[in-house]
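Scroll down for the structure; my scribbles are underneath it.
Counting from 1, the numbers follow the sequence of the chain as shown. As the structure lists them, so they are numbered: ligands from 1, and atoms in each ligand from 1.
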Amino acid sequence: MNVFITRKLPDELLQPLRDAGISYTEWTEPNRLPQDELIRQCKQHDAMLSAGRIDMNTHFLNECSNLKLIALMSVGYDNIDIATATRLGIPVSNTPGVLSKATAETAFLLMIAAARKAFYLHQRIIQGEWHSFDPFTDLGIDLQGATLGIFGLGSIGYEMAKRCKAAYDMNIIYHNRSSNKKAEEELHATKVSFETLLQQSDVLSVHAALTTETRNKFDKAAFSQMKKNTIFINTARGALHSEQDLIKAIQTGTIWGAGLDVTNPEPMDKNNPLLFMPTVAVLPHIGSATVKTRYGMARLAVDNVIAGLRGEQLPQIINKEVYKQ
Ligand SMILES: NC(=O)C1=CN([C@@H]2O[C@H](COP(=O)(O)OP(=O)(O)OC[C@H]3O[C@@H](n4cnc5c(N)ncnc54)[C@H](O)[C@@H]3O)[C@@H](O)[C@H]2O)C=CC1
Ligand SMILES: O=C(O)C(=O)CO
């Protein structure tokens with residue numbers, strides 16, 4: 001039994017594979033894995049461990065229907081055609097939970113950075129402009145007691161809400177498909193309509209998966225309903241917001257600013273106007289990038305590979321239906 005791993009992982013994380021008698025090939029090149037090479041590799045392997053965002057479209061899956069499983073090292077699975085994987089009988093797993101705290105901390109960091117223009121001021125210092133800051137006009141905004149609106153109150157949204165409540169006693173409102181009783185009881189969170197979320201949030205933090213329903217959810221119409229002081233945070237997926245509409249909303253003062261860990265496309269162009277706006281903070285999709293979290297994700301992915309190659313049900317299966325066919 002063997003597995004193709006799309007990126008080099010620390011050797012100690014692969015010991016369980018060796019112990020289980022599973023051999024592996026890692027993609028060690030610094031450049032991104034081209035799809036024809038991915039297909040060539042996957043045709044020669046029984047499983048694939050996807051460490052990094054790779055487009056697993058219908059063509060790829062049809063070509064690689066030999067795979068006994070695909071283990072993603074991410075919680076999001078918008079980059080794989082799950083319906084086709086299911087039709088072909090390929091179980092797909094992800095890594096929920098282990099990355100929730102680290103990703104929420106990234107959202108929290110971006111919120112403060114945008115509120116206090118931190119990334120912009122850092123750039124000014126590098127440019128030798130320590131005194132560029134006007135102490136009466138270049139001020140930030142306070143977060144104490146502000147209203148935090150969460151779009152998609154699942155695992156990461158809950159951790160973000162918990163941090164905002166503890167640090168700033170923020171009032172929590174959320175819009176979700178179902179009620180989150182834990183957040184309502186512990187954080188006094190209130191479920192609201194999408195319109196109320198837009199109209200009442202001082203900070204609006206996006207934590208829902210990218211689906212056909214959520215794509216472009218935050219567009220001109222949405223930004224125009226927000227408050228002038230709203231900070232828009234997105235650590236979910238860049239395609240949930242319209243970048244052009246966000247740029248206009250900030251340039252025209254419709255909203256205050258934004259904190260983005262995800263963009264569309266990734267990487268973001270180095271001349272993107274968002275990178276030069278005082279009230280915007282951008283990070284290169286590092287939500288889960290801490291040692292403990294990344295190791296936890298890799299361990300879960302490896303456990304899924306071992307279970308799948310032993311013919312067992314994957315511990316973190318996305319497409320359970322695959323076992324019912
Ligand atoms: N920036 C980063 O590095 C990371 C980004 N992510 C992104 O964060 C997303 C969320 O992750 P988790 O919190 O673990 O997922 P989750 O499944 O625990 O939470 C997502 C929540 O969004 C809700 N939701 C989905 N569609 C909705 C809609 N149309 N309207 C309202 N609510 C909706 C769901 O009901 C659920 O409660 C992932 O799908 C991924 O795209 C996840 C980890 C790291
Ligand atoms: O897990 C995810 O969905 C990510 O975006 C990367 O950790």
Side-chain angles (χ1 to χ4, degrees), residues 6-7 9 49-56 71-80 82 92-111 149-163 172-184 189 191-198 201 204-218 222 233-241 258-264 266-268 281-301 304 316-318:
T6 63
R7 187 173 280 176
L9 294 180
L49 192 163
S50 173
R53 280 179 59 73
I54 283 180
D55 183 16
M56 286 168 271
L72 307 181
M73 216 183 104
S74 66
V75 67
Y77 50 86
D78 50 281
N79 54 325
I80 178 164
I82 290 291
V92 183
S93 64
N94 65 345
T95 58
V98 286
L99 39 58
S100 304
K101 290 187 169 66
T103 309
E105 275 153 21
T106 304
F108 189 79
L109 178 167
L110 288 167
M111 170 182 76
I150 301 267
F151 179 72
L153 186 53
S155 190
I156 300 170
Y158 169 79
E159 294 295 339
M160 171 64 169
K162 195 171 153 186
R163 280 155 181 73
I172 316 290
I173 58 175
Y174 71 98
H175 180 72
N176 208 53
R177 288 182 302 205
S178 52
S179 296
N180 187 317
K181 293 293 167 213
K182 190 174 163 199
E184 290 183 5
K191 186 166 182 263
V192 297
S193 67
F194 185 59
E195 284 64 36
T196 304
L197 189 86
L198 298 176
S201 300
L204 200 158
S205 196
V206 177
H207 299 285
L210 174 62
T211 61
T212 45
E213 207 189 319
T214 61
R215 184 176 291 277
N216 246 9
K217 188 85 179 166
F218 296 89
I233 306 292
N234 190 355
T235 57
R237 288 290 181 263
L240 268 88
H241 68 261
L260 307 174
D261 184 46
V262 287
T263 61
N264 185 26
E266 290 180 4
M268 177 184 257
V282 183
L283 287 171
H285 203 146
I286 52 101
S288 63
T290 69
V291 176
K292 189 174 162 198
T293 301
R294 282 284 159 87
Y295 274 56
M297 291 161 74
R299 280 194 196 99
L300 259 185
N304 279 296
Q316 289 296 342
I317 182 84
I318 295 169

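- For atom 4 (C) of ligand 2, the nearest non-hydrogen atom of the protein is H285 NE2, 3.6 Å.
- Among A289, S288, A236, the residue whose heavy atom sits closest to atom 7 (O) of ligand 2 is S288.
- Under a 4.0 Å heavy-atom criterion, P96 is not in contact with ligand 1.
- Of all protein heavy atoms, the one lying nearest to atom 13 (O) of ligand 1 is I156 N, 2.9 Å.
- The nearest protein atom to atom 1 (O) of ligand 2, hydrogens excluded, is given as V75 N, 2.7 Å; this is a heavy-atom distance.
- Using a 4.0 Å cutoff on heavy atoms, S288 counts as a contact of ligand 1.
- Within the 4.0 Å heavy-atom shell around ligand 2 one does not find R53.
- In this structure, T214 counts as a contact residue of ligand 1, since one of its heavy atoms falls inside 4.0 Å of the ligand.
- With sequence neighbours left out, the salt bridge (Lys or Arg N to Asp or Glu O under 4.0 Å) criterion links D78 to R53, R237.
- For the pair L153 and ligand 1, a heavy-atom separation below 4.0 Å is found.
- A heavy-atom separation below 4.0 Å is not found between M73 and ligand 2.
- Atom 26 (N) of ligand 1 is flagged as protein-proximal [any protein heavy atom, distance under 4.0 Å].
- At a distance under 4.0 Å, no protein heavy atom can be found next to atom 15 (O) of ligand 1.
- With a heavy-atom cut-off of 4.0 Å, L99 touches ligand 2 through its side chain alone.
- Taking the centre and axis of the six-membered ring of F151, the NZ or CZ atom of K217 falls outside the cone set by 45° and 6.0 Å.
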